[in-house]
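Below is one structure, written out as structure tokens; the observations come after it.
We name chains A, B, ... by the order of the sequence lines, and we start the count at 1 in each one. Only a predicted model underlies this, so the values are computations on that prediction, with no experimental measurement involved.
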Number of protein chains: 2
Amino acid sequence: MTDARPAAGSGDVEPLDPAQLGTYFVLLEAVSLLQHQVERQLRTEGGISYVQFEVLARLAHTPGPLTMTQLADGVVYSRSGLTYQAGLLEKAGLITRGPDPDDDRATLVAITQDGRDLFHRVLPGHVQVSRRLLFDPLTADDVRQLGDIMARVRDHMRARPPRSATPRKRRDAT
Amino acid sequence: MTDARPAAGSGDVEPLDPAQLGTYFVLLEAVSLLQHQVERQLRTEGGISYVQFEVLARLAHTPGPLTMTQLADGVVYSRSGLTYQAGLLEKAGLITRGPDPDDDRATLVAITQDGRDLFHRVLPGHVQVSRRLLFDPLTADDVRQLGDIMARVRDHMRARPPRSATPRKRRDAT
DNA sequence: TATTGTTATACTCTATAACTATA
DNA sequence: TATAGTTATAGAGTATAACAATA
């Protein structure tokens, strides 16, 4: 709750039709419920947040190490936010950070054996929660359709440039 | 990153099949991207967070006022978290809190005209963002299916008791 | 005794801007 | 000049537990 300026050029926008509106709200609501439970499970069983789980998952499923920027874009994070999380994970011994031989500016992040162990220790409970909450009420067909639909949405959104780096200069935003 | 106990009774869990796993991750990823953009729009145009928007939306679409607990359950929040948010919204003049004639313990929350105004001022931009990011790549059929699927998931999750109140006593969780 | 709501507290997370170093 | 990453900072959000009042 900060300023509240007049809505930037939103004079006449076609409203969403009822189907769209309903879909929109139920999607966010359901995912919110899911996220809460997932967070709880990860915290309880592994002492990590979902973001940290995501970082570990990404590193565990990648042949080699990743740079901070690659990781930040993947996880949808600001770079400084990832630096913070990477600091925690490194301190916990779950990842390591080292120099990139190809680019002296970059930092390569790799998962440690402890990181892999934790990931695999937490995964079954994670799977259980998602199955119980998300997949139980769905048919195999639903799952396919849902995956297909969200993949298209994801690709559509990813088509726009990521925002891991803050724009250097902002054009005068009058 | 706190304790990290042994995973509670997760010895052998059937893994998710590839379709499920893919659906799961792409769902969370896409929604995460969407949430980020929505947050940004609401913050920029209305100076409110998505949670605050949700509270206003709920109150705007309800005939009468709601109690704090009803609101907390709807928004998937802890009660103390809602108290905090309600404090902000009240200070901003967007809602009011008053006694409940039927139950002297309860607090009734109502939206003010300023609250309605803000809600409707922010809504068009909100609709624009969700259309551009979520609905553009989808057919009308996709939207129906997605809504139908997520409604089933939501109802399934809502069937379990909400956790707005912290359980008083926890049974010895050996 | 259970429930509603608030408060106090402590902590996690996140983004912004400034900065260093390399390309 | 642009990019990779870190740091400092400052604020927002969240949950837990303890508490008071009512059912």
Side-chain angles (χ1 to χ4, degrees), chain A residues 1-3 32 35-36 39-40 42-44 47-55 65-73 75-92 97-109 161-170, chain B residues 1-3 32 35-36 39-40 42-44 47-55 65-73 75-92 97-109 161-170:
Chain A
M1 210 114 46
T2 47
D3 36 309
S32 170
Q35 284 172 332
H36 269 265
E39 277 278 348
R40 173 177 296 275
L42 290 174
R43 183 69 61 192
T44 303
I48 57 174
S49 67
Y50 179 72
V51 180
Q52 291 161 354
F53 174 79
E54 232 185 320
V55 169
L66 295 173
T67 67
M68 292 292 283
T69 296
Q70 289 172 324
L71 220 40
D73 287 345
V75 177
V76 190
Y77 246 54
S78 66
R79 287 175 307 161
S80 72
L82 182 64
T83 296
Y84 171 76
Q85 294 295 343
L88 294 180
L89 291 170
E90 192 176 40
K91 192 156 47 177
R97 280 184 286 186
D100 181 346
D102 294 341
D103 186 337
D104 279 348
R105 296 172 303 182
T107 297
L108 286 181
V109 183
R163 23 110 312 286
S164 66
T166 307
R168 293 290 153 176
K169 296 167 188 170
R170 189 185 312 237
Chain B
M1 212 114 43
T2 47
D3 36 310
S32 171
Q35 284 172 331
H36 269 264
E39 277 278 349
R40 172 178 296 274
L42 290 174
R43 182 69 62 191
T44 303
I48 56 174
S49 67
Y50 179 72
V51 181
Q52 292 160 354
F53 174 79
E54 232 184 320
V55 170
L66 296 173
T67 67
M68 292 293 283
T69 296
Q70 288 172 324
L71 221 39
D73 287 345
V75 178
V76 190
Y77 245 54
S78 67
R79 286 176 307 160
S80 73
L82 183 64
T83 296
Y84 171 76
Q85 294 294 345
L88 293 181
L89 291 171
E90 191 175 39
K91 191 156 46 178
R97 280 184 286 186
D100 181 345
D102 295 341
D103 186 338
D104 280 347
R105 295 172 303 180
T107 296
L108 286 182
V109 183
R163 21 115 308 286
S164 65
T166 307
R168 294 289 153 177
K169 296 167 189 171
R170 190 186 311 238

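- Atom CG of L82(B) is separated from atom P of dT6(C) by 8 Å (rounded to the nearest Å).
- Remark: C1' of dT16(C) and CZ of R40(B) are 11 Å apart, rounded to the nearest angstrom.
- Dashed line: the shortest gap from a side-chain N or O of S49(B) to OP1 or OP2 of dA12(D) is not under 4.0 Å.
- Atom-to-atom, CG of L71(A) to C1' of dT6(D) comes out at 15 Å; the value is rounded to the nearest Å.
- Counting any heavy atom pair closer than 4.0 Å across all strands shown, D103(A) reaches sugar-phosphate atoms only and no base atom.
- Under the side chain to side chain contact (heavy atoms under 4.5 Å, CB included) test applied with R97(B), the options L108(B), L89(B), T83(B) reduce to a single match, T83(B).
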Using a cutoff of under 3.5 Å, can you pull out all pairs of nitrogen or oxygen atoms linking the protein to nucleotides 7-9 of chain C, with atom names and distances?
none

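- Between E39(A) and D104(A), the residue anchored closer to the 5' end of DNA chain C is E39(A), taking for each the nucleotide with the nearest heavy atom.
- Following rounding to the nearest Å, Y50(A) (OH) and dC13(C) (C1') show an atom-to-atom distance of 16 Å.
- The line from CZ of R79(B) to CG of D73(B) is 9.5 Å long, rounded to the nearest 0.5 Å.
- With sequence neighbours left out, the side chain to side chain donor-acceptor pair (under 3.5 Å) criterion links E54(A) to no other residue.
- Nearest-nucleotide positions on DNA chain D for G81(B) and T67(A) put T67(A) closer to the 5' end.
- In this structure, F53(B) atom CZ and dG13(D) atom P are separated by 15 Å, rounded to whole Å.
- Per the geometry, CZ belonging to R43(B) stands 14 Å off C1' belonging to dT16(C), to the nearest Å.
- Of the possible donor and acceptor atoms, none in the side chain of Q52(A) sits under 3.5 Å from a partner among the backbone N and O of Q85(A).
- Between L82(A) and V55(A), the closest side-chain pair of non-hydrogen atoms falls below 4.5 Å.
- Between the P atom of dA21(C) and the CE atom of M68(A) lies a distance of 18 Å, rounded to the nearest Å.
- Side-chain proximity of Q85(A) to dC13(C), dA15(C), dG13(D): nearest is dC13(C).
- The CD atom of Q35(A) lies 8.0 Å from the CD atom of E39(A); values are rounded to the nearest 0.5 Å.
- Distances from the side chain of A106(A) to the nucleotides dG5(D), dG13(D), dA21(C) place dG5(D) closest.
- Across every non-hydrogen atom of T67(B) and Q70(B), the tightest pair is N-OE1, 2.9 Å.
- Ranking dA15(C), dA23(D), dC13(C) by closeness to the R105(B) side chain, first place goes to dA23(D).
- Side chain of S78(A), nearest nucleotide from dG13(D), dT4(C), dA15(C): dA15(C).
- Nucleotide dT12(C) holds its P atom 15 Å from the CD1 atom of I48(A), rounded to whole Å.
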